[in-house]
Amino acid sequence: MGYAPETEALEICRDLIRIDTSNFGDASGPGERKAAEHVAGLLAEVGIESQILESEPGRASVVARWGNQDSPRPGLLIHGHLDVVPAQAADWRVDPFAAEVVDGYLIGRGAVDMKDFDGMLLSVVRARQRAGSIPDRPITLVFTADEEAGGVLGAHWLVEHHPDLLEGCTEAIGEVGGFSTEVGGQRLYLIETGEKGISWMRLRARGTAGHGSMGNKDNALTHLAGGLLALGEHEWPAEPGPSMQLLLAKVRELTGSDGTPDEVLAHFGPAIRMIGAGMRNTTNATMLQAGYKHNVIPGEAIAYVDGRFLPGHTDTFTPAVQDIVGDRIAVEPYMSQTALEYGFEGDLVDAMTVALHSQDPDAHIAPFLMSGGTDAKAWSKLGITSYGFVPLRLPADLDFTALFHGVDERVPVESLEFGARVFDEFLNLA
């Protein structure tokens, strides 16, 4: 091979974590401009030109062309985001933006979501560029702003205002997939082949305002509380689609389990929080607004609910929520994004599979439907098929899915280096 693709993965990831790109969902954060300039500089050092594009001041994304641009093969989009969710430093054992290495783990906000992949990818690209080993396929590298707030100022803005920069791309590789977990005593790597749709809703209850000391059977807060309780206690049925059916089959193969889908996926342990959510709709109340004085019954109470729906449920999900909460509450759409699911087949899937086996011959591999959302939703508007593939070989006892947006977010240094080697091999095959 003549080069070591993993050499800079840790260093680049640490440098990016130290650039605070916290996204609060409004204009109060530091933005991504400094990180974008850092990425553009790393690319420029090895002779790769890039563009920094701002949707708003400071909200910066980076786009670069790489690979054989004269190849007749369709283009491959490889993307990561530069923003991170906020971190409360008092909750962490180390400064979340210091990027310290403790007991073999790199700790910091973005170590998992997703400056780990940014670092791995840049390490591989720089090593290949220096060695003159660029892929024989058009590659578009994109590092986006605002993914943690739905990508409105990042990927979706690029698709709307600069689709020409993504012209020719038919497939994409991005976050949340490729990591290992232990099932039946064996390593199982999960590749994201789709993600649930997003339906953020505002639940509005109205009642009769009045004095807090008097009787009132038409209390907006009581109406809202009853609807939220019904929603919280509702058991959405398991309806595994194609990706989750393949995952269930693989887990049954590894464990010999023959129970219900929930019983089969229980073999994932704590990771079932995320993985199990890929086979049913979910609703979680996240915010409340009501009242303005202790002794005044308000005439209106509002709750915000994070709803996630399976592919095929676009038109039925919100009406189902309305039925559950009852007619005293109005369910109002707040933000919606499509559900995606792609086949676990084809040359790109084969390349991911072979690349994993090149570094872990004992690997088992299966697809899954992701509970959250990524920039793949934006790329789908251009007809681009997306997969989640951030290859990480992880310790069996690490509750990895809990680290997404979690306290003491961390990734093993060995996993970063493993991922860079796998991704380098993937580029030989993709």
Side-chain angles (χ1 to χ4, degrees), residues 23-28 85-86 88 91 148-152 195-240 261-262 272-274 276-339 369-373 377 402 404-406:
N23 187 345
F24 293 87
D26 54 26
S28 64
V85 297
Q88 295 288 336
D91 298 334
E148 295 293 1
V152 174
E195 53 193 55
K196 293 165 71 176
I198 300 175
S199 179
W200 290 354
M201 296 163 281
R202 182 190 294 112
L203 274 57
R204 189 187 304 271
R206 290 189 169 92
T208 302
H211 200 291
S213 68
M214 300 181 186
N216 190 327
K217 297 296 186 182
D218 189 29
N219 187 317
L221 277 165
T222 305
H223 301 331
L224 182 64
L228 290 177
L229 180 61
L231 194 60
E233 292 182 342
H234 181 73
E235 295 287 342
W236 292 96
E239 301 178 65
D262 287 308
I272 196 173
R273 288 189 304 266
M274 182 176 81
M279 63 179 183
R280 53 169 43 87
N281 297 329
T282 56
T283 44
N284 283 297
T286 55
M287 293 188 292
L288 291 169
Q289 294 176 349
Y292 50 90
K293 194 172 187 295
H294 206 122
N295 62 347
V296 178
I297 299 169
E300 181 178 84
I302 294 172
Y304 293 86
V305 171
D306 184 343
R308 307 289 173 134
F309 59 88
L310 297 172
H313 289 237
T314 303
D315 298 327
T316 60
F317 181 64
T318 302
V321 172
Q322 183 68 75
D323 288 343
I324 294 165
V325 300
D327 57 11
R328 289 181 177 271
I329 297 174
V331 177
E332 304 168 354
Y334 187 79
M335 192 273 282
S336 182
Q337 292 187 4
T338 188
L369 186 79
M370 215 266 284
S371 59
K377 294 186 186 302
F404 286 86
H405 299 187

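What you see is a predicted model, and the numbers here were worked out from it, not measured in a lab.
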**Student:** If you look at every heavy atom in Ala238 and Pro240, which pair is closest and at what distance?
**Tutor:** C-CD, 3.5 Å
**Student:** A quick test of your reading: do over 12 heavy atoms of other residues, nucleotides or ligands sit less than 6.0 Å from CZ of Arg328?
**Tutor:** no
**Student:** Sequence neighbours excluded, which residues qualify as ring pair (Phe, Tyr, Trp, His ring centres under 6.0 Å) partners of Phe404?
**Tutor:** Phe400
**Student:** Please examine the side chains of Phe317 and Gln322, heavy atoms only from C-beta on, and report whether any two atoms are closer than 4.5 Å.
**Tutor:**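 No, too far: nothing below the 4.5 Å cut-off.
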**Student:** Kindly give the heavy-atom pair with the smallest separation between Pro333 and Val331, and that separation in Å.
**Tutor:**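 Result for this residue pair: CD-O, 4.0 Å.
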**Student:** When rounded to the nearest 0.5 angstrom, what distance separates NE2 in His223 from CD1 in Ile329?
**Tutor:** 9.0 Å
**Student:** Evaluate whether atom OH of Tyr334 has more than 12 neighbouring non-hydrogen atoms of other residues, nucleotides or ligands under 6.0 angstrom away.
**Tutor:**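 No, not enclosed.
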**Student:** Is a side-chain N or O of Glu332 found less than 3.5 angstrom from the main chain of Arg204, in a donor-acceptor match?
**Tutor:**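 No; zero donor-acceptor contacts below 3.5 Å.
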**Student:** Rounded at 0.5 Å granularity, tell me how far CG in Leu203 sits from CG in Leu288.
**Tutor:** 10.0 Å
**Student:** Mind checking whether Val305 and Val321 have side chains closer than 4.5 Å, heavy atoms only?
**Tutor:** no
**Student:** Taking the side chain as every heavy atom from C-beta outward, state whether Pro298 and Leu221 have any pair of such atoms under 4.5 Å apart.
**Tutor:**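 In contact.
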**Student:** Looking at Ser371 and Met274, what are the two nearest heavy atoms and their distance?
**Tutor:**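 Closest approach of Ser371 to Met274, heavy atoms only: OG-CG, 3.4 Å.
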**Student:** Tell me every residue that passes side-chain hydrogen bond (donor to acceptor under 3.5 Å, both in side chains) with His294, counting only those two or more places apart in sequence or in another chain.
**Tutor:**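 For His294, no residue satisfies side-chain hydrogen bond (donor to acceptor under 3.5 Å, both in side chains) once neighbours in sequence are set aside.
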**Student:** Mark yes or no for whether Asn219, through its side chain, and Ile297, through its backbone, hold a donor-acceptor pair below 3.5 Å.
**Tutor:** no
**Student:** Roughly how far apart are His313 NE2 and Thr318 OG1, rounded to 0.5 Å?
**Tutor:** 12.5 Å
**Student:** Do you know which two heavy atoms are closest between Gly207 and Ala220, and how far apart they sit?
**Tutor:** N-CB, 3.7 Å
**Student:** Pro261 and side-chain contact (heavy atoms from CB on, under 4.5 Å): which partner among Glu239, Arg280, Met279?
**Tutor:** Met279
**Student:** Kindly state each residue pair satisfying side chain to side chain donor-acceptor pair (under 3.5 Å) with at least one member in residues 228-238, sequence neighbours excluded.
**Tutor:** Trp236-Thr283
**Student:** Count the heavy atoms belonging to other residues, nucleotides or ligands that lie under 6.0 Å from CG of Asp91, then report whether that count exceeds 12.
**Tutor:**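 Counting neighbours around CG of Asp91, more than 12 heavy atoms of other residues, nucleotides or ligands fall under 6.0 Å, so yes.
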**Student:** Calculate, to the nearest 0.5 Å, the distance between atoms CE and OH belonging to Met335 and Tyr304 respectively.
**Tutor:** 13.5 Å
**Student:** Would the distance check show the side chain of Gln289 and the main-chain N or O of Ile302 forming a donor-acceptor pair, the cut-off being under 3.5 Å?
**Tutor:** no
**Student:** Assess whether atom CG of Asp26 is packed by more than 12 heavy atoms of other residues, nucleotides or ligands within 6.0 Å.
**Tutor:** yes
**Student:** Looking at every heavy atom in both Leu369 and Glu195, which two are closest together, and how far apart are they?
**Tutor:** CD1-N, 3.4 Å
**Student:** Find the distance between CZ (Phe309) and CD (Gln337) and round it off to the nearest 0.5 Å.
**Tutor:** 9.5 Å
**Student:** With a 4.5 Å limit on heavy-atom distance, are the side chains of Lys196 and Leu310 in contact?
**Tutor:** yes
**Student:** Could you tell me which non-hydrogen atom of Ala209 sits nearest to which non-hydrogen atom of Gly299, and how far apart they are?
**Tutor:** CB-N, 3.8 Å
**Student:** Quick check for you: to the nearest 0.5 Å, what is the distance between Arg308 atom CZ and Ile198 atom CD1?
**Tutor:** 4.5 Å
